[in-house]
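Just so we're on the same page: letters track the sequence lines, and every chain starts at 1.
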2 protein chains.
Amino acid sequence: MKSKRPRKKRLHKASNIYDVARHARVSVFTVSAVVNKNGNVSPTLRRRVEAAVQKLNYRPNLLARGLVMRQTHTIGIVVRDIVNPFFPLLVRGAEDAAQKAGYSVLLCNSDDQREKEEQYLELLLSKRVDGILLNKAPGNLSASRRNLLAESRVPVVSLMRTSPDLKGDAVITDDEKGAFEAVSHLARVGHRQIALVSGPLSVSNGKARWRGFRKALQASGLQYEPDLVIEGDYHIDSGYRAGLFLLPRRPDAVFVANYLMTVGLMKAADEIGLRCPEDFGLASFDDYPWLSCFRPRLTTVELPKYEIGATAVQILLERISGKRIRRSLVKLMPELHVRESCGFMLRKRDSKEDSLTPQEKPYAASAAPELQ
Amino acid sequence: MKSKRPRKKRLHKASNIYDVARHARVSVFTVSAVVNKNGNVSPTLRRRVEAAVQKLNYRPNLLARGLVMRQTHTIGIVVRDIVNPFFPLLVRGAEDAAQKAGYSVLLCNSDDQREKEEQYLELLLSKRVDGILLNKAPGNLSASRRNLLAESRVPVVSLMRTSPDLKGDAVITDDEKGAFEAVSHLARVGHRQIALVSGPLSVSNGKARWRGFRKALQASGLQYEPDLVIEGDYHIDSGYRAGLFLLPRRPDAVFVANYLMTVGLMKAADEIGLRCPEDFGLASFDDYPWLSCFRPRLTTVELPKYEIGATAVQILLERISGKRIRRSLVKLMPELHVRESCGFMLRKRDSKEDSLTPQEKPYAASAAPELQ
DNA sequence: TTGTAGGCGTTATCAA
DNA sequence: TTGATAACGCCTACAA
C-alpha cells in the first residue's frame with residue numbers, strides 16, 4: 001500500500017508476486033516458496049497461494065528473477081549461418097539438451113564475419129546469458145572483446161573450430177581422420193590422381209582435413225600435386241570455381257572438404273559436361289538424410305552433428321554449475337559412408353563382382369571392417 | 001557507500017552503473033544519459049563518463065533495463081523443427097530483420113506437439129519477449145493458454161499456418177494457387193492419372209494444397225480419384241508409406257505436398273524399382289539450392305521462405321511499436337519451377353522438340369508466360 | 001512456518 | 001545540466 005498515486009496510463013500489467021500475495025492474504029515470501037517449491041509452506045497457505053496464482057494467471061517474471069539470481073537460464077549460440085545445412089541439426093542437438101535442463105537458446109548468425117560475431121558476443125554478454133556456444137569466424141577476437149569475455153566469466157564452448165584466442169572448452173570432430181579415410185578409400189577404389197578442394201586453411205578444421213588428405217596420399221603411395229589442390233572457403237561458389245579449374249584437368253577423383261563446395265563443384269561438372277561417378281570419383285564431408293534418394297549418392301564423411309551440439313551444451317552446463325574445472329576438448333569420431341559417387345560401384349561392376357542392388361551395396365560397404 | 005558489509009564470496013561481478021558513476025564522480029543519471037545518448041550532458045562530464053566506461057568495461061545489464069522498460073528487445077520464434085529444411089531460411093529471414101532492428105531471437109522447436117508448443121509459449125511469456133512468431137502445431141491451444149496469451153498482450157504472428165484460435169496477424173503463402181499451378185502443369189505435360197500425397201488436412205496449408213490439387217484436376221478436365229489421394233503428415237515416413245501404396249497403382253504422376261514427403265516417396269520408388277521421371281512424373285513443394293545438381297531435378301512450387309520470416313518480423317515490430325492496428329494477413333506468392341521430375345523433358349524429347357541441354361531447358365520453361 | 005526489508009541494475013521523476 | 005530517489009518484480013537473510 002505504498003503507491004502514492006494511481007498508475008497513469010493504465011498500462012496493461014501482468015500480475016506480480018505482490019498481487020498474488022495480497023490476493024492470497026500471505027506475504028511474498030510464501031508465494032515465492034510455493035512457486036519455487038522450496039521451503040515448507042503449510043497446506044492451507046499453499047492452497048490459497050495456488051488458487052491465487054491460478055486466478056490471477058500469475059507467471060514469475062524471469063527477467064526479475066534473472067536479475068537477482070544472476071542467472072538467466074539462457075545460452076547464446078553463434079553459428080556462421082543457420083541456412084548452411086550443416087548447422088540445423090547441430091543447433092537442434094544443442095536446443096534439445098538445453099531445453100531438457102531448463103535453458104533456452106538465443107540464436108545468432110555471424111556469416112563468418114568477425115565484426116558481426118563480436119557484436120553478437122557483446123550483446124549476449126549484455127543480455128547476461130549463462131554461457132555461449134561459438135562456431136568461430138576466421139581470425140582472432142579483438143583484444144578488448146577477448147578481455148571483456150574473459151572478465152565476464154561467461155563460459156564459452158567452441159564448436160568445430162578451435163582458435164588460439166579461445167582458451168575454453170571445445171567440441172570438435174576428428175576431421176583429419178575423416179579426410180584420411182575418405183581419401184584412402186578413393187585410392188583403394190583405384191583412383192590415382194586425386195584432387196582436393198580444401199576448406200580455408202586458416203581455420204582449424206580446414207587445415208585438419210587438408211592434413212588428412214595429404215597423409216592419405218602418402219599412405220597410399222600417391223603423389224601430392226599442388227596443382228590439384230584448391231583452397232576454398234566452404235561456400236558454394238568457391239566449390240564452383242574450384243570445379244571449373246580442376247575438372248578440366250581430368251583428375252580421377254576429387255575430395256571436397258564440405259558439402260556446400262560439393263554442390264558448387266557438381267554445378268561446374270554439369271556445365272563442363274562431366275558426370276559423377278562416370279567421369280570422376282567424388283568424396284566429401286557431411287551427409288544429409290534428405291539426399292538419400294537423389295543421384296549421385298555421395299560418398300561422405302559423416303559428422304555427428306546432433307551430438308556435437310548436445311555435447312557442447314552438456315559441457316557448458318557443467319561449466320556453469322561449476323562442476324567442470326579442467327579444460328576439456330572433446331573430439332567426436334566421423335564415419336565414412338561409402339556410396340556411389342566415389343566410383344566404388346563402377347569399379348565393382350567393371351570387375352563383375354557386383355550383384356547387390358545399388359541401394360544396399362554402399363551401406364554394406366560402409367560397415368566393412370577396414371573402415372572400422 | 002551504503003553497503004554495510006563486504007561481499008561474502010567475492011563473486012565476480014561485472015561493474016554496474018553505480019561503479020561507473022563513482023569512478024567518474026557523477027550521478028547514475030549522468031551515466032545513463034551518456035550511455036543512452038539522451039539528455040544533454042556537458043562535454044566534461046561526458047568525457048569522464050566515457051573514460052570510466054572504457055576503464056571498467058561497463059556494459060549495461062539488459063535484464064535490468066528490460067525490467068524497468070518492460071521491453072526485452074527479444075522475440076521468440078517457435079517452429080516445428082529447425083532440422084526440417086523448410087525452416088532454416090525462414091528463421092534466417094526473421095533473424096536478419098530482427099537483428100537490424102536491435103532484436104534477438106529465441107529459438108524453440110515444438111516438434112509439432114501441442115504440449116511442447118504450449119510450454120514454450122509460456123516460457124516465452126515468462127521471459128517477457130516482446131513478440132512471438134509461431135508456426136502452429138495442429139490443434140487448438142488450451143483455453144487457459146490462449147487466455148494467458150491474450151492477457152499478456154504479447155503480439156503473435158502466425159507463420160504459414162493460420163488457426164481459428166489465433167486472432168492475430170499472419171504471414172502465409174498462396175498454397176492453393178501454388179498447388180493449382182503445379183498440378184495444372186502436370187496435366188498440361190500430358191499426365192492424366194495424377195496422384196496426391198497431401199499434407200495434414202487439419203492444417204490450413206495442408207487443406208489449401210489439397211484444394212489447389214482438386215481445382216487443377218477440374219480445370220484440366222480430369223477426374224478426382226479418392227483412391228489416388230493419401231493424407232500424409234509432412235514427414236518423410238508418411239511420404240514413404242504413401243509411395244508404397246500409390247506407386248504400384250502406376251499413376252502417370254504424383255503431386256506431393258511438401259519436400260520431406262517427396263524424399264519418402266522417392267525412397268519408396270527406389271525400393272519398388274520405379275524411376276522418376278521415366279516411370280512417373282513428380283511435382284512437389286519447396287525447392288532448395290543445394291539440390292540443383294542432383295538428379296532428378298524436381299519440379300517444385302517454391303515458397304519465399306526468407307521473405308516469410310522477414311515479413312513476419314516486420315509486422316511483429318510494427319505491432320510492438322503500436323503502429324499497426326488492424327489485423328493483417330499477408331499472403332505471399334509461390335513460384336513454379338519447372339525442371340525434369342515432372343516429365344516435361346521426356347515429353348519434349350519424345351516429340352523431338354527438345355534441343356536445349358537439360359540444365360537450361362527447365363529454367364527457360366519456368367519463365368514461360370503461361371506460368372506467369 | 002511466515003513476514004519484513006534490502007538489494008539486483010536500470011530508467012525516470014522531480015528538485016536543485 | 002545534474003543529483004537523489006523511487007519504481008520495476010523477484011529472492012532471501014534475518015527477524016518474529
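Looking only at distances, a side-chain donor or acceptor of A:R319 sits under 3.5 Å from a matching main-chain atom of A:I325. At least one donor-acceptor pair under 3.5 Å links the side chain of B:R114 to the backbone N or O of B:N140. Checked by atom type and distance alone, the side chain of A:N36 never pairs as donor or acceptor with a backbone atom of A:N38 at under 3.5 Å.
When distances are taken from the side chain of B:T30 to each of D:dG3, D:dC11, C:dT11, the shortest belongs to D:dG3. Which of C:dG6, D:dG3, C:dT4 sits closest to the side chain of A:S27 comes down to C:dT4. Taking every side-chain heavy atom of A:F29 into account, C:dT4 is the closest of D:dT1, C:dT4, C:dT10. Of the candidates D:dC11, D:dG9, D:dA7, D:dG9 carries the atom nearest the A:A64 side chain, counting heavy atoms from C-beta on. Listed nucleotides D:dT12, C:dG3, D:dC10 differ in distance to A:V26; the shortest reach to its side chain belongs to C:dG3.
Rounded to whole Å, the distance from CD1 on B:I17 to C1' on D:dG3 is 13 Å. Note: NZ (A:K13) to C1' (D:dC8) measures 8 Å, nearest angstrom. The distance from atom CG of A:N16 to atom C1' of D:dA7 is 12 Å, rounded to the nearest whole Å. Atom pair A:R65:CZ and D:dC8:C1' shows a separation of 16 Å (rounding to whole Å applied). In this structure, CE of A:M69 is placed 7 Å from P of D:dC11, rounded to the nearest angstrom. Rounded to an integer number of Å, the gap from A:R22 CZ to C:dG3 C1' is 16 Å. If you take NE2 of A:H73 and P of D:dC11, they are 11 Å apart, rounded to a whole angstrom.
No hydrogens or angles considered: nothing links the side chains of B:Y103 and B:E95 as a donor-acceptor pair under 3.5 Å.
For the pair B:N61 and C:dT10, the criterion of a side-chain N or O lying under 4.0 Å from OP1 or OP2 is not met. Contact between the side-chain N/O atoms of B:S42 and the OP1/OP2 oxygens of D:dT2 is found at a separation under 4.0 Å. Applying the 4.0 Å criterion to OP1 and OP2 of C:dG9, one finds that A:R70 has a side-chain N or O inside that range. A sub-4.0 Å separation between OP1 or OP2 of D:dC10 and a side-chain N or O of A:Y58 is present. In this model, the phosphate group of C:dT11 is approached by a side-chain N or O of B:N36 to a distance below 4.0 Å at OP1 or OP2.
Within 4.0 Å (heavy atoms only), B:R128 reaches no atom of the nucleic acid at all. Using a 4.0 Å heavy-atom cutoff across all strands shown, B:L45 reaches sugar-phosphate atoms only and no base atom.
With rounding to the nearest 0.5 Å, the separation of CD1 in B:I75 from CG in B:D130 is 9.0 Å.
Looking at which nucleotide of DNA chain D each of B:L67 and B:V41 is closest to, the 5′-most match is held by B:V41.
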